[in-house]
Amino acid sequence: MPKTDGTTEPTQLLELLAEEFSDAAASAVKEAGEPAYRVDQLKGWLYERTPLSFQEMEGLPRSLRTQLEEKFILHPLEYDLDLLSEDGTRKFLWKQERDDSRIESVLIPDGDRVTYCISTQAGCPVKCTFCATGYGGFAGNLSAAEIIDQVVQIRNRTAQAPTNLVFMGMGEPLLNFDGLCRALSIMTDPRQLGIGARRITVSTVGIPDRIRELSRSFPQVKLALSLHATNRQLRDKLVPLNIKYPLEDVLEAVREHYRQTGRRVTFEYVILPGINDSSEDARDLANKIRDIHSTINLIGFNPFEGAPYRKPVLKSMLAFRDELRRLLPGEVTLRRSRGEDIQGACGQLSLKNQGSK
Ligand code: SAH
Ligand code: SF4
């Protein structure tokens, strides 16, 4: 990108769409006086193996590697540390280039599945009352390159390629809509990362027009809607964005999502003992979503320091689940919490207490 002093800033290679990549790579290769087939070699390295530096791209002449290094940024995120849980879940912490905030991602192995849980923002501005990310502050949107870099660095560092991607790390994906959509394009393009859109889930508290746009642009991407309460007053309190985008409007967009894509939505519901887990809550929930093709994913509240809620006991969670199963035709599951011992479980990612110690 040209700067005012006539010099150019390095381009973020990972956030180029397929054509942009071809143009940028072709002109870099030409400038270096190299033959055109080097573009395909670079492409192979970038999207299939993504080494940690250009210098590791064997087969490319050293002079070209050095020129690429001057022109392009390969990894915008700096690795900070990673933590391995007893259950195999692994949490990664990254530093952003431009400031000091930390970003987190989680790898969750489960049988044949390897799920990467990816962040879209540094912290989260929504500030749900049960979520450590919300309490940790908000330092800004991630660029598409930073979103994609979490995937390619985890893949490179673990050699466990993802079978599934979930946008359930830090941040509200639909509040970083441009970054999200660009990242989804590059991740799903068969000429680039080529990850099947059906294996990607975007989780949101719900912004109606952006849900509609997501349905149009990425009809195969799975939608998860964080519900948590159906009563307006309670949802306003738990999920403050509900004040601006009330649930009724969000659910209308979710119905349209099904009509547009034919894909069921997953409703996520964090169980907060004594707050949203009574029989009446189950009945209200069932009435609200009865007409929507959906599955419900219950998540026991994962506690964190200073949280104003208790951890639910298994028996009461099962009772809530069973009640919903009686009331609704769709699937109701209770999600097993993973990686709690490394603060890697849902809602435990936080900007606080982190960084190399
Ligand atoms: N901002 C998006 C995606 C990130 S949060 C969203 O809210 O949907 C991913 C999931 O973790 C959401 O369903 C959220 O409700 C859940 N979550 C947040 N805090 C939690 C906690 N303390 N315990 C259990 N789940 C939590
Ligand atoms: Fe943000 Fe999601 Fe946490 Fe709410 S639950 S504060 S929207 S990350």
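FYI, side chains are in, hydrogens and waters are out, and symmetry mates aren't considered; it's all heavy atoms of this structure. Indexing begins at 1, ligand by ligand and atom by atom, following the structure's order.
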What is the nearest protein non-hydrogen atom to [atom], stated with its residue, atom name and distance?
| atom | answer |
| --- | --- |
| atom 5 (S) of ligand 1 | M168 O, 4.0 Å |
| atom 19 (N) of ligand 1 | G347 CA, 3.0 Å |
| atom 23 (N) of ligand 1 | N302 N, 2.9 Å |
| atom 11 (O) of ligand 1 | C346 SG, 3.4 Å |
| atom 22 (N) of ligand 1 | F130 O, 2.7 Å |
| atom 2 (C) of ligand 1 | S203 O, 3.4 Å |

(message) Taking R113 first and then D110, would you say they form a salt bridge - that is, a charged N and a carboxylate O separated by under 4.0 Å?
(response) no

(message) One thing to verify: whether R191 and E48 come together as a salt bridge, which I'm taking to mean a side-chain N less than 4.0 angstrom from a carboxylate O.
(response) no

(message) Under 4.0 Å, heavy-atom basis, I'd like to know which part of E172 is in contact with ligand 1: side chain, backbone, both or neither.
(response)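 The part of E172 near ligand 1 is both the backbone and the side chain.
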
(request) Indicate, as side chain, backbone, both or neither, the part of V270 found under 4.0 angstrom from ligand 1 when only non-hydrogen atoms are considered. (result)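 It is the side chain that touches ligand 1; the backbone stays farther off.
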
Separation between [atom1] of [X] and [atom2] of [Y], rounded to the nearest 0.5 Å:
| X | Y | atom1 | atom2 | value |
| --- | --- | --- | --- | --- |
| L180 | Q121 | CG | CD | 10.0 Å |
| T261 | R216 | OG1 | CZ | 12.5 Å |
| R90 | Q160 | CZ | CD | 7.5 Å |

Counting from 1, what ligand 1 atoms have a heavy atom of [X] closer than 4.0 Å?
| X | value |
| --- | --- |
| T204 | 8 (O) |
| G171 | 1 (N), 2 (C), 3 (C), 4 (C) |
| S226 | 6 (C), 7 (O), 8 (O), 12 (C), 13 (O), 15 (O) |
| H228 | 15 (O) |
| I299 | 24 (C), 25 (N) |
| G300 | 24 (C) |
| F301 | 21 (C), 22 (N), 23 (N) |

(message) Does either side chain, that of S105 or that of Q150, offer a donor lying less than 3.5 Å from an acceptor on the other one?
(response) yes

(message) Is it the case that the side chains of E69 and T66 hold a donor-acceptor pair, with the cut-off being a distance below 3.5 Å and no angle test?
(response)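 Their side chains do not contain a donor-acceptor pair, so the 3.5 Å distance test is not met.
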
Please name the residue in the list [options] that meets the side-chain contact (heavy atoms from CB on, under 4.5 Å) test with [X].
| X | options | result |
| --- | --- | --- |
| L225 | I211, V202, V205, T266 | I211 |
| L227 | N297, V239, V250, L285 | L285 |
| L107 | T89, T115, V114, L84 | V114 |
| F72 | L14, L46, T11 | T11 |

(message) For atom 4 (C) of ligand 1, which of the options C131, C124, G169 provides the nearest non-hydrogen atom?
(response)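 Among C131, C124, G169, the closest heavy atom to atom 4 (C) of ligand 1 comes from G169.
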
(request) May I ask which of C128, C131, S226 has a heavy atom nearer to atom 3 (Fe) of ligand 2 than the others do? (result)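 Among C128, C131, S226, the closest heavy atom to atom 3 (Fe) of ligand 2 belongs to C131.
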
(request) Record the part of M170 in heavy-atom contact with ligand 2 below 4.0 Å; permitted values are side chain, backbone, both and neither. (result)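 No part of M170 is near ligand 2 at this cut-off.
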
(message) At less than 2.8 Å, would any N/O/S atom of C124, backbone or side chain, sit next to atom 1 (Fe) of ligand 2?
(response) yes

(message) Within ligand 2, which atoms have a heavy atom of V205 less than 4.0 Å away?
(response)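 So the atoms of ligand 2 that pass are 7 (S).
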
(request) Number the atoms of ligand 2 from 1 as they appear, then name those within less than 4.0 Å of a heavy atom of G134, with their elements. (result)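 Every atom of ligand 2 under 4.0 Å from some heavy atom of G134: 6 (S).
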
(request) Could you tell me whether R157 sits above the aromatic face of F92, with NZ or CZ closer than 6.0 angstrom to the six-membered ring centre and within 45 degrees of the axis? (result)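 No; the conditions do not both hold, so R157 does not lie above the ring face of F92.
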
(request) May I ask you to decide if the ring planes of H293 and Y258 are parallel, tilted or perpendicular, using 30° and 60° as cut-offs? (result)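 H293 vs Y258 ring planes: parallel.
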
